[in-house]
J.: 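Structure in C-alpha cells, see below.
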Amino acid sequence: MRASRTLIPTLKETPAEAEVASHVLLLRAGFIRRVAGGLYTWLPLGLRVMRKIEMIVREELDRFGAQEIQMPVVQPAELWRESGRWDVMGAELLRMRDRHERDYAMGPTHEEVVTDLVRRTVDSYKEIPLNVYQIQTKFRDEIRPRFGLLRAREFLMKDAYSFHLGEESLERTYRDMYDAYTAILTRIGVDFRVVEADSGTIGDGESHEFQVLAESGEDLMAYCPDSGYAANVEKAEALAPELSDESPNPIEKVETPGVRTIADVASFLGLESARCVKTLIVRGDQVPFVALVLRGDHELNETKAGRLDAVAAPVTFAGDEEVRAATGCSVGSIGPVGLDLPVYADRSAAAAVNCICGANEEGFHLTGVNQSRDFPDARVVDIRNVVEGDPSPDGGGKLAFARGIEVGHIFKLGDKYSVPMRLALQDGAGTEASLIMGCYGLGISRLVAAVAEQCHDDNGIIWPAPIAPFDAHILALDYSRSDVAEVVESLYEECLDAGIDVLLDDRDERPGVKFAESDLLGIPHRITVGVRNLAKGLVEYGRRGESARELLAPAEAVDRIRSG
RNA sequence: CGGGGCGUAGCGCAGUCUGGUAGCGCACCACACUGGGGGUGUGGUGGUCGCCGGUUCAAAUCCGGCCGCCCCGACCA
C-alpha cells in the first residue's frame, strides 16, 4: 500500500478522550476513530491488524476440529424467553422491536441461537461432539464503556460452543479449546497467563480466563510462582490461617466516642487493623439482611459472597437507614456479638484472637472478642480477597499478584441451556439425555488493544510481527528525486512479489515526520531510502523497538526482512 | 445509576471567577527557504463558544433545563 493514498490520520497530540496507552496510540496512529461512546470505526490499518488476528484464530480453531458458522446479530426474543435470560439479563441486553411489534435482542452472545440450531439440526448422538464457532460483532450495552477498545459496547468476538453427551467428551473439547487459545496467544506473540476463574452468570462449571499481562489491566490475578497455581482474585481461595496459641481474654466493653471506621478504631486503641473485625450488612436472599464479618485489613470478595445461598446476588450493601433499622445502631458501631441477624464470618476473622468489634451500641466497641466463644452461631466461610503473600490454596507457596486484560474465557456450561431449551438426544443405549455444553469466548477487538497496551514505547506501538498491519515499512526520504524514487519503487515491487506486506511512505514529507509516524504505526521492519546512503548504493534496515541500524544494498533488503 | 471533572476552529488548550471587538499552538491552503527524527519564515482559510430557554442595553462569561464526553464504583470478551 502507498501511504500517499491510504487513510492513516495520525495525530501529533494526545486526544483528550483517551486515557490508557492502547487507546491513545490506536487513535494517534490512525487505526480507529470513535463514533460514539463505546462505538468505533476501524480504519485501514486497524482493520488489517484485526484481520490478521482473525486468521490466526481460524487456523488454530480449525486445527482443533471446530467449525466456522455465522449466526445473526439480531435475535428473536422467544429464544431468550425460553432460556429465561430475557428477564434475567438487565439493560445490558439491547432490545428492540420490529414493525410487527415483535421483540428482538441485539446479540451479546449466542448460547440461545446455537442451542436452537443444534436442537433442530442434530438428530443422533453420532453427530456429537460438535464444536461450532463464529467471528462476529457483538453488542453489549455496557454500563460504562471505557478504555477505548478494551471495553467497547460493540466489539468483535470469536465465540465457540460445543455439545456433548457426557462429561468426558466435554472435558476433551474443553482441553482442546484451552490448548487452542494457548496456541493462538503464543502465535500472536503476547505475554499472557491462564487463570482459574469464576464463571459468573454464564455457567456454573469449570472456567478459565486468558489474561494478557498489562499494568493497566482491570483484572487482578493471584498466582504462585512455585506451584504454578493461578486464579483471578475473584476466584482465588483464601485459606484459613493457622491457629494462634494466644489465650483468649475476657470480653470488655470500651467507650469509643466518635470512632467509626476501622482506621479510627485501630488508631484510637493503638492496635493494628488486623486486630479489628468489621461487620458489613448486605441484602439477604431469604431474610432481608445478612451480616458479613471480615478482618479489618481484609476486603470483601463480592463474587464469593454472592455465591452464598443466604446472600442476595449481586451483593448489595444496606443503606445507612436500613442498617439502623436492622441493628439499632449506625454502620460504625455494628459487631457480630449478640447481633440478631444471620452472621457469616470469614475464615480469618473467625480465627482472629482477642479482636475488636463494634458493640452494637453507639460509641462503644468490644475488645477481647473471639468468634468461637462470642458469636459461635456464625457460619465460617471464605468471603475475602486474597492478598499478596497469602499461602497458595494448592499448598505450594505464597501468592503474588499481577494485572491483566481478560481476552479469552472458556466455560463448562453443563446443561444450563440444554435443559430449558430441551436439547436432548438418545445415547447408544437408547436412553434420552440432555446434552451438555461448553462455551469459549475470545475478544478479537479487545486483543488488538491488549497487544497495543502491552507492546509499545514512548514513540508508539510495537506490533508483534504476526499481527502487524504490515510486515515492512519503506520510508522514501527524498521521493521527489528520481534516483530515490526508482530504487524505492523497485524495492516496493520486489517486496510485493515476495509476498511481503509492505507500506510505502511515498509522501512528500520531511524525514522527521516519516520517522516519527513510522514509530507510531509500529511496523516491524523498516527500510529507509535517502540520498545520503543511496550515493554509496546503500539503504538502511532497522527494526521497530530496536535502535540498531544496518546499511545494505537494495538487493539484499527483501532477504533481510525475511530473515527477521 | 451514584460520586468527580469537562464541553470554545480538525486536534490540544487559554478566555468564564469580575458580562463589553473570540484568542494561542498544531493541523490545513499559498509561496519561499529547508531536507536523516513531528523544521523556519511570510501571507491566508476555518467558530451557531454542546443545545434550548431566561436575566441584561449587552452573555463563551450570570441563572435554569437538557444533551454529550472523560475519570472513580457495580458489569464483562
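In the text below, chain A, chain B and the rest are named by the order of the sequence lines, each starting its count at 1.
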J.: Taking only the side-chain nitrogens and oxygens of R144(A), find out if one of them lies under 4.0 Å from OP1 or OP2 of A74(B).
T.: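 No.
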
J.: Answer with yes or no after comparing the ring centroid distance for Y40(A) and F155(A) against a 6.0 Å cut-off, counting only values under it.
T.: no

J.: At 4.0 Å (heavy atoms only), tell me whether G530(A) reaches a base, stays on the sugar-phosphate, or touches nothing.
T.: base

J.: Paired with G68(B) by Watson-Crick or G-U wobble geometry, both distances under 3.5 Å: which nucleotide is it?
T.: C6(B)

J.: What is the base-pairing partner of C49(B), counting Watson-Crick and G-U wobble geometry with both distances under 3.5 Å?
T.: none

J.: Nearest to the side chain of A516(A), heavy atoms from C-beta on, is which of C1(B), G38(B), C71(B)?
T.: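 Per side-chain heavy atoms of A516(A), the pick is G38(B).
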
J.: Within the 4.0 Å heavy-atom criterion, would you say R507(A) contacts the bases, only the backbone, or no part of the nucleic acid?
T.: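 Here R507(A) touches no strand at all.
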
J.: So how far is it from D198(A) CG to N232(A) CG, rounded to the nearest 0.5 Å?
T.: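 Rounded to the nearest 0.5 Å, the CG-CG separation comes out at 8.0 Å.
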
J.: Is it true that E59(A) and R187(A) have a side-chain N and a carboxylate O under 4.0 angstrom from each other?
T.: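 Salt bridge: yes.
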
J.: Once you apply a heavy-atom cut-off of 4.0 Å, does F147(A) come out as touching a base, just sugar-phosphate, or nothing?
T.: sugar-phosphate

J.: Counting the atoms with a prime plus P, OP1 and OP2 as sugar-phosphate, which does A152(A) contact under 4.0 Å by heavy atoms, base, sugar-phosphate, or nothing?
T.: base

J.: From the options A77(B), G36(B), C71(B), select the nucleotide whose nearest atom is closest to the side chain of N533(A).
T.: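 Within the option list, the nearest is G36(B).
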
J.: Kindly indicate whether a cation-pi arrangement holds for R51(A) with W42(A), taking the cut-offs as under 6.0 Å to the six-membered ring centre and within 45° of the axis.
T.: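 Relative to the ring axis of W42(A), which defines the angle, R51(A) lies outside at least one limit.
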
J.: Expressed as a whole number of Å, how far does the P atom of C11(B) sit from that of C51(B)?
T.: 15 Å

J.: OP1 or OP2 of C72(B) versus the side-chain N and O atoms of R146(A): is any pair under 4.0 Å?
T.: yes

J.: Specify the residue among R28(A) and D508(A) whose closest nucleotide of RNA chain B lies further upstream toward the 5′ end.
T.: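 Final value for this comparison: D508(A).
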
J.: Partner of C31(B) by Watson-Crick or G-U wobble geometry, both contacts under 3.5 Å, or none?
T.: G41(B)

J.: Tell me what P314(A) touches on the nucleic acid: a base, only sugar-phosphate, or nothing, going by heavy atoms under 4.0 Å.
T.: nothing

J.: By nearest atom, which of the nucleotides G37(B), G36(B), C75(B) is closest to the I143(A) side chain?
T.: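 Nearest to the side-chain atoms of I143(A), counting from C-beta on, is C75(B).
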
J.: Considering every strand and a 4.0 Å limit on heavy-atom distances, what is the contact class for I135(A): base, sugar-phosphate, or nothing?
T.: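 Since no nucleic acid heavy atom lies under 4.0 Å of I135(A), the category is nothing.
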
J.: With a centroid cutoff of 5.5 Å and a plane-angle limit of 30°, would you call F515(A) stacked on G36(B)?
T.: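 Check failed, F515(A) does not stack on base of G36(B).
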
J.: Compare the minimum distances between each of A77(B), C75(B), G36(B) and the side chain of M157(A), then state the nucleotide with the smallest one.
T.: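 Looking only at heavy atoms from C-beta outward on M157(A), the closest nucleotide is A77(B).
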
J.: What is the pairing partner of C17(B), taking Watson-Crick or G-U wobble pairs with both distances under 3.5 Å in any strand?
T.: none

J.: With a 3.5 angstrom cut-off on both distances, give the Watson-Crick or G-U wobble partner of G12(B), or none if there isn't one.
T.: C24(B)

J.: Counting only Watson-Crick or G-U wobble pairs whose two distances fall under 3.5 Å, which nucleotide matches A77(B)?
T.: none

J.: Will you find, in the side chains of E234(A) and N301(A), an N or O donor that is under 3.5 Å from an N or O acceptor?
T.: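 Looking only at side-chain atoms, N301(A) and E234(A) do not form any donor-acceptor pair under 3.5 Å.
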
J.: Identify the nucleotide, in any strand shown, that forms a Watson-Crick or G-U wobble pair with A60(B), with both distances under 3.5 Å; if there is none, say none.
T.: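 Its partner: none found.
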
J.: Between R85(A) (CZ) and C75(B) (P), how many Å, whole number?
T.: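 Interatomic distance, CZ of R85(A) to P of C75(B): 16 Å.
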
J.: Between K12(A) and G39(B), is there a contact of a side-chain N or O with OP1 or OP2 at under 4.0 Å?
T.: yes

J.: Once you apply a heavy-atom cut-off of 4.0 Å, does G90(A) come out as touching a base, just sugar-phosphate, or nothing?
T.: nothing

J.: Quick check for you: to the nearest 0.5 Å, what is the distance between L213(A) atom CG and R403(A) atom CZ?
T.: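 Atom-to-atom, L213(A):CG and R403(A):CZ are 12.0 Å apart.
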
J.: When all nucleic acid strands are considered with a 4.0 Å heavy-atom cut-off, which category describes D219(A): base, sugar-phosphate, or nothing?
T.: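 Base: the residue D219(A), judged by heavy atoms under 4.0 Å, touches a nucleobase.
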
J.: Under 4.0 Å between a side-chain N/O of R549(A) and OP1 or OP2 of G36(B), yes or no?
T.: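 R549(A) to G36(B) OP1/OP2: no side-chain N or O under 4.0 Å.
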
J.: Just verifying a value: how many Å separate K278(A) NZ and L280(A) CG, rounded to the nearest 0.5 Å?
T.: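 CG of L280(A) is found 6.5 Å from NZ of K278(A).
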
J.: Classify T14(A) by what it touches in the nucleic acid, base, sugar-phosphate, or nothing, heavy-atom distance under 4.0 Å.
T.: sugar-phosphate

J.: Go nucleotide by nucleotide along RNA chain B from the 5' end; which of H23(A) and L149(A) gets its closest nucleotide reached first?
T.: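 Result: H23(A).
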
J.: Donor-acceptor pair under 3.5 Å: do we get one between R446(A)'s side chain and the base of C76(B)?
T.: yes

J.: Nearest to the L520(A) side chain among C76(B), G37(B), G38(B), which nucleotide is it?
T.: G38(B)

J.: Under 4.0 Å, heavy atoms only, any strand: does E209(A) hit a base, just the sugar-phosphate, or nothing?
T.: nothing

J.: Sticking with atom P, work out how far C57(B) lies from U16(B), rounded to a whole angstrom.
T.: 24 Å

J.: Under 3.5 Å, is there a donor-acceptor pair between the Y133(A) and N131(A) side chains?
T.: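 The criterion, which ignores hydrogens and geometry beyond distance, is not satisfied for N131(A) and Y133(A).
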
J.: Atom CZ of R283(A) and atom P of A74(B): how far apart are they, to the nearest Å?
T.: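 After rounding, the gap between these two atoms is 17 Å.
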
J.: Can a side chain N or O of R510(A) be found less than 4.0 Å away from OP1 or OP2 on G37(B)?
T.: no

J.: Measuring only the P atom in each nucleotide, how far is C63(B) from G46(B)? A whole number of Å is fine.
T.: 33 Å

